[in-house]
Protein chains: 2
Amino acid sequence: MSDADKGPARGRPRTMNAEQVLDVAMTAYWQSDPADVSVNAICQMAGISKPSLYRAFGSEDGLSRAALDRYAERVLSEMFVILHGGQGLRQTLDALVDFALDDPRMETGCLFYKMRSGKHRLGPDTRARVDEIEAAAQAAYATFLQSARDAGDWPGELSVEAGAKYLGEQIALAITQRASGEDPARIREMLTLALSVFTRP
Amino acid sequence: MSDADKGPARGRPRTMNAEQVLDVAMTAYWQSDPADVSVNAICQMAGISKPSLYRAFGSEDGLSRAALDRYAERVLSEMFVILHGGQGLRQTLDALVDFALDDPRMETGCLFYKMRSGKHRLGPDTRARVDEIEAAAQAAYATFLQSARDAGDWPGELSVEAGAKYLGEQIALAITQRASGEDPARIREMLTLALSVFTRP
DNA sequence: TCATTTATGTACTATCCGGTATTTTATATC
DNA sequence: GATATAAAATACCGGATAGTACATAAATGA
């Protein structure tokens with residue numbers, strides 16, 4: 001076992017559970033908006049004091065960066081699983097649509113998209129992580145589309161990179177609209193229309 | 001002439017030009033983001049004191065509402081002119097694309113879209129105005145698409161309302177991406193792809 | 001000249017923010 | 001029990017925010 005999980009031998013034993021605090025922060029950032037959640041509010045919600053939080057995470061930037069890390073490994077990873085699942089074009093697109101429109105966790109939006117749209121308000125570390133995830137997502141979309149093209153499923157004249165960007169943005173748009181309370185049936189209609197460019201001759 | 005433009009007969013003459021202050025506010029909100037521009041900053045940029053601003057506009061909500069009004073009549077009106085121009089489907093779509101991607105004023109984004117995406121941070125009056133404009137835009141898109149359908153230019157099976165929403169959101173997406181520094185050629189590629197659903201059998 | 005009226009800017013309030021200095025508390029070691 | 005260590009919370013700091021009380025300046029009318 002690592003030595004990070006065994007407390008120090010001496011001194012007052014810590015009562016703060018950093019994992020639980022991170023859960024609180026991630027959820028709060030996610031349900032409302034990173035720019036609208038203060039460290040004070042997170043401390044209050046987690047039942048800890050501000051210095052405890054700062055000792056664990058260093059700064060607000062450190063906290064939001066850690067919350068985004070957690071979100072990536074807990075939630076976004078599922079999207080990457082879908083993309084790398086090796087299913088066909090239509091099946092994968094359907095799975096993406098389901099994830100965006102039916103997964104109850106996306107009901108209040110996507111933390112990554114919220115951070116990306118307010119990127120200028122983030123600290124440098126969190127912003128850098130947003131850029132990393134953005135690049136990874138773009139690469140995953142491109143790999144998926146490339147394999148679809150290799151399989152002859154997607155004969156369009158569009159470049160794989162442009163298609164990847166387009167696909168990612170349409171998914172983001174749908175999730176954001178869903179979070180803003182738009183009619184789900186209408187969103188599905190629009191997303192299906194947008195993605196029809198991949199499945200039409 | 002109205003009596004709003006002649007100053008009061010007595011008392012110290014006003015030196016503040018509310019129109020110019022409104023220009024400053026609109027530009028500042030537009031160039032950066034409504035949530036990132038304080039009334040203090042606007043006063044400083046306009047060279048006036050805070051009480052002067054509050055006497056003229058009542059509150060921050062009043063100011064941002066007035067700035068949005070001005071934006072609607074100075075900028076958004078041009079989009080409505082395009083939509084009601086009575087040109088054919090492809091010509092109008094091309095004009096919309098040009099407006100979104102080539103008009104230099106859209107280079108830093110659209111104030112309306114910025115306010116809409118941060119609606120929860122606005123005061124009640126400004127928020128209500130955002131909703132009004134949203135409805136008017138939706139109606140204008142729908143009218144345009146209905147006339148295209150009547151002319152037989154757009155035989156798709158999609159409802160006019162869904163198409164209107166889709167069209168509006170794709171334009172908004174393109175403008176927002178342009179403001180975020182995305183490669184213009186790539187944006188044009190994506191927007192053209194998105195709108196191809198209107199001009200394809 | 002002097003009162004009235006209205007706009008002006010200075011200076012202030014109360015509140016929130018991110019971040020921290022300081023004290024107190026709870027443990028292990030001696 | 002005494003001491004060292006580390007985590008805890010209280011209470012604070014400086015700065016920014018939206019909004020305002022108040023004194024003053026500049027005009028008109030008498």
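Since this is a predicted model, take the numbers as computed values, not measurements.
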Can you give me the closest heavy-atom contact between A:Leu122 and A:Met115, atom names plus distance?
CD1-O, 3.6 Å
When rounded to whole Å, the CD1 to C1' distance for the pair A:Ile42 and C:dG19 reads 14 Å
Nearest-Å distance for atom pair CD/P, residues A:Gln44 and C:dG18
13 Å
Between D:dC13 (P) and A:Tyr54 (OH): distance, integer Å:
17 Å
Nearest to the side chain of B:Pro13, which nucleotide is it out of C:dG18, D:dA27, D:dA18?
D:dA27
Could you go step by step and tell me if B:Arg186 and A:Glu161 meet the side chain to side chain contact (heavy atoms under 4.5 Å, CB included) rule?
CA-CA 9 Å; B:Arg186 173 65 54 82; A:Glu161 284 73 24; 3.8 Å; yes
So does A:Arg14 get a side-chain nitrogen or oxygen closer than 4.0 Å to the phosphate oxygens (OP1/OP2) of D:dA7?
yes
OP1 or OP2 of D:dA7 under 4.0 Å from side-chain N/O of A:Ser52:
no
Let's test your reading of the model: under 3.5 Å, does the base of C:dG9 pair with the side chain of B:Lys50 as donor and acceptor?
no
Measure from CG on B:Leu53 to C1' on D:dT20 and round the result to the nearest Å.
13 Å
It should be established whether B:Thr15 places a side-chain nitrogen or oxygen under 4.0 Å from OP1 or OP2 of nucleotide C:dT8.
yes
Relative to the 5' end of DNA chain C, which residue comes earlier, B:Asn17 or A:Ser38, by the nucleotide with the nearest heavy atom?
B:Asn17
Are the side chains of B:Leu22 and B:Leu63 in touch, meaning some heavy atoms are under 4.5 Å apart?
yes
Figure out the CZ/P separation between B:Arg121 and D:dT17, and round it to whole Å.
15 Å
Between C1' on C:dT27 and CZ on A:Arg10, what's the gap in Å once rounded to a whole number?
10 Å
Mind grabbing the angle between the end helix axes of the helix from C:dT1-D:dA30 to C:dC30-D:dG1? Five pairs an end, 10° rounding.
30°
Can you work out whether A:Ser49 or B:Val37 has the more 5'-proximal nearest nucleotide on DNA chain D?
A:Ser49
Per A:Ser59 side chain, nearest of listed nucleotides D:dA18, C:dT29, C:dG19:
C:dG19
If you only use heavy atoms from C-beta on, which nucleotide in D:dT28, D:dA8, C:dG18 is closest to the side chain of A:Glu60?
C:dG18
Would you say B:Arg149 and B:Asp153 make side-chain contact, with heavy atoms under 4.5 Å?
no
Per B:Asn40 side chain, nearest of listed nucleotides D:dA18, C:dT20, D:dT28
D:dA18
Does A:Arg12 make a side-chain donor-acceptor contact with the base of C:dT25, cut-off 3.5 Å?
yes
Per atom distances to the B:Val39 side chain, the nearest of C:dT8, D:dA18, D:dA7 is D:dA18
Residue set satisfying ring pair (Phe, Tyr, Trp, His ring centres under 6.0 Å) with A:Tyr71, at least two apart, ordered chain then number -> A:Trp30
Could you go through A:Tyr166 and A:Phe198, starting from their C-alpha distance and side-chain angles, then the distance that decides it, and tell me whether this counts as side chain to side chain contact (heavy atoms under 4.5 Å, CB included)?
CA-CA 10 Å; A:Tyr166 177 82; A:Phe198 290 111; 3.8 Å; yes
A:Glu107, CD: over 12 other non-hydrogen atoms inside 6.0 angstrom
no
Nearest whole angstrom, please: distance from the C1' of C:dT5 to the CZ of B:Arg55.
13 Å
Candidates C:dG18, D:dA9, C:dG9 - which lies nearest the side chain of A:Pro51
D:dA9
Considering only NZ, NE, NH1 and NH2 on the basic side and carboxylate oxygens on the acidic side, decide whether B:Lys114 and B:Asp36 come within less than 4.0 Å.
no
In whole angstroms, the gap separating C1' of D:dA18 from CZ of B:Arg65 amounts to 20 Å
